[in-house]
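Supplied in structure tokens, the structure appears directly below.
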There are 4 protein chains.
Amino acid sequence: MKTMNIKEELARTSVELFARQGYAKTSVQQIVDAAGVTKGALYHYFNSKDDLLFDIYDRILTLQHEHLTEIISRGLPAAETMRLVCEDLVSTSIDWIREGTVFFRSQHMLSEDRLEEVQRRRREFNKAFTGILVRGQEDGVFRTDIPIPVLAANFFSDPHYLSYWYSPGGAISREAVAAQLTDLYLAGLQAK
Amino acid sequence: MKTMNIKEELARTSVELFARQGYAKTSVQQIVDAAGVTKGALYHYFNSKDDLLFDIYDRILTLQHEHLTEIISRGLPAAETMRLVCEDLVSTSIDWIREGTVFFRSQHMLSEDRLEEVQRRRREFNKAFTGILVRGQEDGVFRTDIPIPVLAANFFSDPHYLSYWYSPGGAISREAVAAQLTDLYLAGLQAK
Amino acid sequence: MKTMNIKEELARTSVELFARQGYAKTSVQQIVDAAGVTKGALYHYFNSKDDLLFDIYDRILTLQHEHLTEIISRGLPAAETMRLVCEDLVSTSIDWIREGTVFFRSQHMLSEDRLEEVQRRRREFNKAFTGILVRGQEDGVFRTDIPIPVLAANFFSDPHYLSYWYSPGGAISREAVAAQLTDLYLAGLQAK
Amino acid sequence: MKTMNIKEELARTSVELFARQGYAKTSVQQIVDAAGVTKGALYHYFNSKDDLLFDIYDRILTLQHEHLTEIISRGLPAAETMRLVCEDLVSTSIDWIREGTVFFRSQHMLSEDRLEEVQRRRREFNKAFTGILVRGQEDGVFRTDIPIPVLAANFFSDPHYLSYWYSPGGAISREAVAAQLTDLYLAGLQAK
DNA sequence: TATGAATGAGCCTTCATTCAT
DNA sequence: CATGAATGAAGGCTCATTCAT
């Protein structure tokens with residue numbers, strides 16, 4: 001049980017440390033000490049410190065892509081789809097809040113090619129999200145007086161900002177925040 | 001006169017580099033090379049690399065505090081005050097977008113005591129902002145069904161997120177974004 | 001039968017890699033990958049990476065000793081013996097050119113006691129070779145105006161240098177080179 | 001006087017150690033300890049350990065090129081030119097015997113682009129040397145029954161091999177070896 | 001016999017900072 | 001005021017070797 005999954009333990013530990021102290025201030029030595037293994041073990045499972053970081057991005061991007069795709073595929077009306085997407089994005093961001101902290105703060109620490117991959121996948125996600133906005137505008141349920149990029153940024157900023165203020169286990173539940181932030185967004189988005 | 005320029009040049013150069021490559025990936029050597037001075041000169045004006053970073057936080061925090069205080073001091077109604085505050089915050093964030101990039105990404109690179117000071121001053125700002133929300137709720141113009149921290153975060157996230165998507169000099173003007181994001185926020189905030 | 005092949009395959013592969021990239025730049029992992037076995041297998045047949053290297057020296061030294069001894073034992077005149085020895089040394093060096101590459105470049109990578117053994121055996125070989133020179137001088141067929149060590153070095157340098165310029169399978173055949181280098185050597189060596 | 005020329009001291013020390021123990025077995029720490037400085041000092045003057053190695057090749061190649069060019073430029077007959085070139089090559093190789101030791105053993109430790117440069121410059125040298133052989137053949141003073149590459153290798157091997165047997169300060173003087181090896185070479189080279 | 005996960009010492013290199021000039 | 005050579009601690013990473021299975 002103890003050494004059962006060294007790789008997972010290393011992933012868990014590194015996210016924890018990267019979120020708390022930042023990628024640059026976390027040494028490989030700190031990670032292996034915290035995980036109770038040696039450097040050799042880490043480099044047996046990961047090719048570099050950068051891999052440890054990229055794994056976090058990969059996990060989050062894969063998850064978000066799957067959720068978004070699944071919700072859109074249900075074929076619900078734009079407003080309803082948007083509500084589900086937004087609530088899911090907030091909920092998921094809370095579930096993976098440590099990963100999110102790293103995700104938004106440490107992009108510039110990725111190697112160049114990894115950064116490109118991350119940006120490409122984020123653009124894809126963005127495009128799918130934007131698609132819902134466009135459909136809502138065509139259906140006359142979303143306002144059209146504000147450019148799409150502004151409408152999109154107005155929501156994306158929320159899950160992004162969570163790690164700066166929200167404490168899991170605090171007074172406000174995960175579900176409540178998800179519902180409230182979604183509500184605020186949809187209120188602003190609504191066609192008059 | 002000359003020395004004044006050197007110090008300012010170092011400040012300008014370091015923000016630029018920190019924003020582009022991150023604090024950790026920017027070496028003191030790169031900064032002095034880009035500024036066209038030598039290390040000795042840098043250490044004449046700044047005690048450490050950390051000072052260069054803190055200066056950015058100090059500049060932004062001072063500015064935001066001044067603007068917020070000034071606007072509140074006008075004694076306008078809550079909704080009107082809020083509109084001015086939000087527009088100003090977005091506009092200012094765009095004017096200082098490179099500083100903002102560093103501000104939100106590099107907190108964990110600050111030395112411990114500097115970090116505490118930054119957090120204290122941000123809390124103060126937050127409190128003043130929150131004060132407007134409370135006043136608006138008491139006046140019956142802002143909705144009360146959503147906790148204050150969520151309402152605050154819902155706006156703070158916007159200027160924060162600007163550096164991730166907004167390009168100064170692009171299709172959407174600084175004033176337009178400020179008005180649009182403020183509009184969206186106030187639409188959500190409005191009591192029904 | 002199978003295990004025998006594994007050991008030989010490892011020996012073959014390691015010479016190949018050592019010759020191409022040098023001993024230091026060749027990792028044990030590369031060797032086992034190229035040989036299609038695992039590390040455990042390698043360490044089953046060899047005690048260390050150093051053993052793999054020493055084996056090359058042992059093979060070459062044994063071979064050269066056998067050939068030299070055999071030729072000398074024929075009891076031919078010095079000049080004739082020398083011709084046969086030189087031609088054989090060049091031919092053999094070409095046949096084992098990869099081993100030769102390693103032999104001359106990687107001595108300092110041997111462990112101390114192994115190095116001593118190699119040096120002892122090379123001295124022995126040298127002594128036997130020198131014996132032919134002395135005999136030729138006594139018989140009046142080899143020049144005596146140049147010190148023996150210089151005469152010896154003048155030939156040893158040739159097989160040594162082969163790996164720096166000769167390509168097996170190129171325009172000049174193995175036999176031709178052997179005859180030509182021997183010819184050049186004997187021309188210089190000849191008493192006037 | 002003591003720290004007067006740290007860069008030269010580092011160059012001297014590193015050649016010494018590379019020649020004695022090999023490049024791979026010499027650590028940067030050993031070099032700086034032996035030179036009485038710290039690692040920072042070394043990396044102030046050299047970009048990498050590889051630079052320290054390449055500097056040796058550069059020094060030798062520059063020297064050899066200069067000497068060869070100068071001698072050829074005198075416009076003497078081929079046999080006379082060849083005698084001067086060979087004697088100089090042996091003499092110089094003895095003067096720089098530690099550099100030579102490294103030169104011939106550590107090529108494979110050079111970085112890829114550096115290796116290419118070294119090979120290009122060696123080819124140039126070879127071409128100029130070969131030019132003398134061709135001229136001598138045309139003039140009827142050098143034998144023509146052996147291919148040029150073999151004739152060239154027959155001499156190049158000698159300075160190459162020096163570090164394996166010659167001890168400066170031993171019984172045979174630098175000038176004597178130079179004259180003797182040259183004599184042996186020319187005796188073999190002579191047209192009949 | 002053979003595996004390959006894990007070790008741990010050591011390596012090259014970077015870099016913020018200092019200080020004699 | 002300003003220089004830039006030199007420091008020295010720390011960092012990421014490699015790799016020959018071991019050992020439980």
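The figures that follow rest on heavy atoms only: side chains count, while hydrogens, waters and symmetry mates do not. Just so we're on the same page: letters track the sequence lines, and every chain starts at 1. Note that the structure is a prediction, hence the values are computed from the model and not measured.
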Under a 4.0 Å heavy-atom cut-off, which of residues 15-25 of chain D touch DNA chain F? none

Keeping to residues at least two apart or across chains, list the salt bridge (Lys or Arg N to Asp or Glu O under 4.0 Å) pairs with something in residues 39-50 of chain C.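 Checked against salt bridge (Lys or Arg N to Asp or Glu O under 4.0 Å) - neighbours excluded - the pairs reaching residues 39-50 of chain C are C:D50-C:R114.
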
Check residues 100-110 of chain C and write down every donor-acceptor pair under 3.5 Å in which the side-chain atom is one partner and the other belongs to a residue at least two apart or another chain.
unit_1: C:T101; atom_1: OG1; unit_2: C:I97; atom_2: O; d: 2.8

By a strict heavy-atom criterion of less than 4.0 Å, which residues belonging to residues 29-37 of chain B are in contact with DNA chain F? none

Whole Å only: how far is the CG atom of A:L10 from the P atom of E:dA5?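 Result: 14 Å.
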
Tell me every residue that passes salt bridge (charged side-chain N to carboxylate O under 4.0 Å, His left out) with C:D33, counting only those two or more places apart in sequence or in another chain. none

For D:L63, does its backbone N or O pair with a side-chain atom of D:E66 as donor and acceptor, under 3.5 Å?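 Answer holds: no.
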
Give me the atom names and distance for the closest heavy-atom approach of B:T38 to B:V32.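 Closest pair (atom of B:T38, atom of B:V32, distance): O-CG1, 3.7 Å.
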
Using a cut-off of strictly less than 4.0 Å between a heavy atom of the residue and any atom of DNA chain F, enumerate the qualifying residues of residues 47-59 of chain B by number.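 The stretch gives none, as no residue of it lies under 4.0 Å from the strand.
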
Calculate the interatomic distance between A:L42 atom CG and F:dC13 atom P; express it in whole Å. 9 Å

Secondary structure of DNA chain E in dot-bracket form (Watson-Crick or G-U wobble, distances below 3.5 Å, | marking inter-strand pairs): .||||||||||||||||||||

Protein-nucleotides 19-21 of chain E N/O pairs closer than 3.5 Å?
none

Can you name the nearest heavy-atom pair linking D:I31 to D:T13, along with the distance? O-CG2, 3.8 Å

Partners of B:E117 by salt bridge (charged side-chain N to carboxylate O under 4.0 Å, His left out), sequence neighbours excluded?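 Residues passing salt bridge (charged side-chain N to carboxylate O under 4.0 Å, His left out) with B:E117: B:R121.
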
P atoms of F:dT21 and E:dT1, separation to the nearest Å: 22 Å

Rounded distance [0.5 Å steps], CG in D:L42 versus CG in D:L10: 5.0 Å

Salt bridge flag under 4.0 Å for residues D:R12 and D:E16: no

With a 4.5 Å heavy-atom cut-off, do B:L17 and B:Y23 have their side chains touching?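 No, side chains not in contact.
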
Quick one: does C:Q30's side chain have a donor or acceptor within less than 3.5 Å of a partner on C:S27's backbone? yes

Taking the side chain of D:A41 as heavy atoms from C-beta outward, which of F:dA6, E:dC15, E:dC12 is closest to it? F:dA6

Residues at least two apart in sequence or cross-chain that pass ring pair (Phe, Tyr, Trp, His ring centres under 6.0 Å) with C:Y164, listed by chain then number, are C:Y161, D:H160

Heavy-atom nearest nucleotide on DNA chain E for B:K39 versus A:T38: which residue maps closer to 5'? A:T38

Salt bridge (charged side-chain N to carboxylate O under 4.0 Å, His left out) partners of C:R122, counting only residues at least two apart: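 In terms of salt bridge (charged side-chain N to carboxylate O under 4.0 Å, His left out), with neighbours along the sequence ignored, C:R122 is linked to no residue.
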
Tell me, please, which residues at least two apart from C:R120 pass salt bridge (charged side-chain N to carboxylate O under 4.0 Å, His left out). C:E124

C:D58 to C:T62 - nearest heavy-atom pair and separation: O-OG1, 2.7 Å

side-chain N/O D:H44 vs F:dA6 OP1/OP2, d < 4.0 Å: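 So the side-chain polar atoms of D:H44 never come under 4.0 Å of the phosphate oxygens OP1 or OP2 of F:dA6.
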
Output the rounded distance in Å from CZ (D:F46) to P (F:dA5).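 One finds 14 Å between P of F:dA5 and CZ of D:F46, rounded.
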
Rounded distance (nearest 0.5 Å) linking atom CZ of C:F46 with atom OG of C:S14: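 Atom-to-atom, C:F46:CZ and C:S14:OG are 6.5 Å apart.
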
